[in-house]
Amino acid sequence: MNRQTDLDRRRALWEPLSVGRKTMANRLVFGAWHTNLARHGRFSDAQAQFYARRAPGLGLMVLEEATVHPSDAPLEHMVRGEGADPGWERVVDAVRTASPTTLVVAALGHAGGQQDGSVSRSVVWAPSAVPDLASGVVPKVMEEEDMAAVAEGFAAAARRAVAAGVDGVEVNASHYALLRQFLSPLTNLRQDAWGKDAEGRLKFPLEVLVGVRRAIGEEAILGLRVTGDEYAPWGGLTPDTVADLVLRMLAVVRLDYLVVEVGSLYTPHLRAAGSWLEPDYAVEAALRIHQALRQGGQALPVIASGSLVDAEGVADALDRGVEAVEITRALIADPDWPKWAAEGKPPRMRCILCNQGCQVRSPQNPPLRCTVNPEAGREGVNRRAALTRPGRAGVIGGGPAGLSAAATLAEAGWSVELYEARMVLGGRMALAARTPARARWMAAIEDWHRRLAASGVTVHVGRPVQIEDFEAGRVGPFDCIVVATGSRWSPRPAWATAGPVVSPEALLEEGPRALSGRRWALVDLEEGTVAPAVARFLQAAGAQVTVVTQDLFFGRGLIAAGELVPFLQAFLSGQPTVWTRRVVRGLEPEAGGWRLVLSDRFTGEAGRTDVVDGVCLVLPEEPADDLYQALKAEGAGGAVVLRVGDAVAVRGIRAAVREGALLDPSGARAEGREGGSR
């Protein structure tokens, strides 16, 4: 597709859209997203800067959800919408200054039974005594006075938000929402007037919406966020039942737009899926509800959600029928996304759907961050002061830490040379991108390529660097040397020193064709994210897979990013053999191949795998910091020597990119620390 054709397809993104009595300038939406940047229940300056940075070019910005009643306290750093001054005015002023045409809406909600009470130290409320799967907490069954208090809380918070200057409010009846819990047969088991059938389950949410509309008046926007499909066909909400509920609502109260998400109590990983699912995974539910509403005579604008982070995917969704699209994670990764989309160019850094820093709904209260955009959540912090005296810099290592460091220095005016031992940039991230679920990671590497080329970085590939290269003058001299040499696998156990045992890199470099039809054992001693990705790579290549792990189940490392369920759905459909709780004691030759000798880590029971052709061993990693230590010991010609990423300590991609972007050539910043925290 040529650039002009691509731009023609994108024209729909820039068409205005009426929402109630107001008009969105275009079809792009920033959806409600927790940042954990609120302080003392109020929007902070950090949030104001975060939203203002992302406002230009948007049709609608939905601020993160605020609570409406003291019984709702799922997170410590939330906006308390029931407070006297939640700080909406501060954010509205910042957004309108940055982008006067962007509509600003305040999100309101109550988590109901999807919280554990640890913040408030009190019971949680829900329509029925259905325990939350995540916490196991059994909620208190709400009484009529409880419902009345929460309904009034919604109305009061909505009234305060509109008084603070927002264009309207959005009520949450989707993920982590008491209102969805009332609407869904999975969580509303009541046999009174507030449950029993669709009309009863709708009664309380409708009471809330009527009260909110009354509080904000007819001029303000009233949006509703719903779960379009709970993916629980035995009794959950489906697109058809949700469309029917919305039609019933519209017969009583005017709504101005509808956001459709998918997933619920049993499928929370679908709220903002990672790279294991297709980006448009949630669009079909939105389209089905959209069609049903039209058939019911209602022209309510429907906004699609999910993982649509590329302009092509957004244009496709609009072509298929929805009126607007949330591009929230795309804007976290690159706030200038609308500008690049209008010009037909890729963003500076594309969202890779890794969910490593932006998913912050956790008792640990991590502030929002982004793997490819270390400035996300820290828009007001000046980190460029250390880069104001450019010089010559040598970056050793072309993985994510080295690429981030080279781009950061070069864009600040430094003359940069980058050395990479392999023939391609990206390090192990590039190898991981060969696996089915990590293919999108190559987008980040391509983005760094563009940034290096645009800023004049000299790139040397196939050039390993040793201390002797500096001493002989083959490399340098530099004012600053950044060692980004990554990690290496820990030493192999004794059983793996002979036989057909290979590393994940060797297996990935072998390519799918060489693996087809072969029998592979995958021994996971790391228990992180590498082995699951390699397992799917083997399956996609047509290999038979046997997994051996000491853990109680395979794939634990995928839990934090919400990737475990979609991984298991895909992996187990390939009919692998999985040995859990097993320690490998030996590798024995067998007619036609090899067998792994195993023992149960708890009972000691012995066992052997089926015959395999090869073994891929995934080990823990350790820093490959030999060059750094040598430069420290023998001197670097007066240069400041820094190390970043896994050369400091083995962590994830986000830490590597962050340290490359936050490095301090003066040598003042401590390794591995973000610095300047709020």
Arg434 meets the salt bridge (Lys or Arg N to Asp or Glu O under 4.0 Å) criterion, sequence neighbours left out, with none
Partner of Ser487 under side chain to side chain donor-acceptor pair (under 3.5 Å), picked from Glu621, Arg651, Glu622, is Glu621
| query | Is Thr328 reaching over with its side chain to a backbone N or O of Gly31, donor-acceptor style, under 3.5 angstrom? | reply | yes
For Gly397 and Glu420 the tightest heavy-atom approach is C-OE1, 3.7 Å
Q.
Working note: Asp625 + Arg643, criterion salt bridge (charged side-chain N to carboxylate O under 4.0 Å, His left out); need CA distance, chi angles, decisive distance, verdict.
A. CA-CA 8 Å; Asp625 63 350; Arg643 59 176 169 172; 3.3 Å; yes
message = Treating Thr485 as the side-chain partner and Ala624 as the backbone partner, does any N or O pair qualify as donor plus acceptor under 3.5 Å?
response = yes
_Using side-chain hydrogen bond (donor to acceptor under 3.5 Å, both in side chains), reason through Thr227 and Ser174 one step at a time and then give a plain yes or no._
CA-CA 5 Å; Thr227 287; Ser174 183; 2.9 Å; yes
In short, Tyr281 meets Ala273 closest at the heavy-atom pair OH-N, 3.2 Å
request  = Go through Arg320 and Asp280 one step at a time and tell me if the salt bridge (charged side-chain N to carboxylate O under 4.0 Å, His left out) criterion holds.
outcome  = CA-CA 11 Å; Arg320 293 167 66 185; Asp280 65 348; 3.4 Å; yes
Cationic tip of Arg595 above Trp579 ring, under 6.0 Å, 45° of axis:
no
Leu452/Val416 under side chain to side chain contact (heavy atoms under 4.5 Å, CB included): CA gap, chis, key distance, verdict:
CA-CA 9 Å; Leu452 297 183; Val416 180; over 6 Å; no
Of all heavy-atom pairs linking Ala333 and Arg350, the shortest is CB-C, 4.2 Å
Between the main-chain N or O of Gly306 and the side-chain N or O of Arg329, is there a donor-acceptor pair closer than 3.5 Å?
yes
Sequence neighbours excluded, the answer for salt bridge (Lys or Arg N to Asp or Glu O under 4.0 Å) partners of Glu230 is Arg180
Under 3.5 Å: donor-acceptor pair, side chain of Gln359, backbone of Gly562:
no
Has Asp524 got a side-chain atom pairing as donor or acceptor with Ala531's backbone, closer than 3.5 angstrom? no
What one should report as the nearest heavy-atom pair of Pro532 and Trp276 is O-CH2, 4.1 Å
Between Val325 and the options Val314, Val283, Asp316, the side-chain contact (heavy atoms from CB on, under 4.5 Å) test singles out Val314
Task: Side-chain donor/acceptor of Trp33 to backbone N/O of Cys358, under 3.5 Å - done: yes
- Task: Look at Arg348 together with Asp334 and state whether they make a salt bridge at an N to O cut-off of under 4.0 Å.
- Result: no
*Flag if over 12 foreign heavy atoms under 6.0 Å of CD, Glu278*: no
* Asked: Can you list the steps and then say if Leu186 with Val130 is a side chain to side chain contact (heavy atoms under 4.5 Å, CB included)?
  -> CA-CA 8 Å; Leu186 293 176; Val130 177; over 6 Å; no
Check: Got a donor-acceptor contact below 3.5 angstrom from the Thr408 side chain to the Ser404 backbone?
Finding: yes
Check whether the side chains of Arg536 and Thr435 place a donor and an acceptor atom closer than 3.5 Å, and report yes or no. no
Please step through salt bridge (charged side-chain N to carboxylate O under 4.0 Å, His left out) for the pair Glu417 and Arg463, ending with a clear verdict. CA-CA 12 Å; Glu417 292 190 52; Arg463 286 285 305 276; over 6 Å; no
field: Val137 backbone acceptor or donor facing Asp116 side chain under 3.5 Å
entry: no
message = Does Trp489 form a side-chain hydrogen bond (donor to acceptor under 3.5 Å, both in side chains) with Glu526? I'd like the steps, not just the answer.
response = CA-CA 10 Å; Trp489 301 110; Glu526 180 206 29; over 6 Å; no
Checklist entry - So, does Ser184 use its side chain to make a donor-acceptor pair with the main chain of Gln181 at under 3.5 Å? => result no
Exam field: side chain Glu563 to backbone Gly274, donor-acceptor pair closer than 3.5 Å
no
Fill in: Criterion side chain to side chain contact (heavy atoms under 4.5 Å, CB included) on Phe470 and Ile396, from CA distance to verdict
CA-CA 12 Å; Phe470 288 96; Ile396 317 301; 4.1 Å; yes
Exercise. Show the numbers, then the answer: is there a salt bridge (charged side-chain N to carboxylate O under 4.0 Å, His left out) between Glu588 and Arg608?
Key: CA-CA 10 Å; Glu588 298 178 345; Arg608 282 174 170 75; 3.4 Å; yes
Evaluate side chain to side chain contact (heavy atoms under 4.5 Å, CB included) for Gln356 paired with Thr529, printing each intermediate quantity in order. CA-CA 12 Å; Gln356 286 193 12; Thr529 62; over 6 Å; no
* Asked: Once the angle between the rings of Phe554 and Phe567 is folded into 0 to 90°, is it parallel (under 30°), tilted (30 to 60°) or perpendicular (over 60°)?
  -> perpendicular
>> For Gln575, is the CD atom crowded, meaning more than 12 foreign heavy atoms sit under 6.0 Å from it?
In response: no
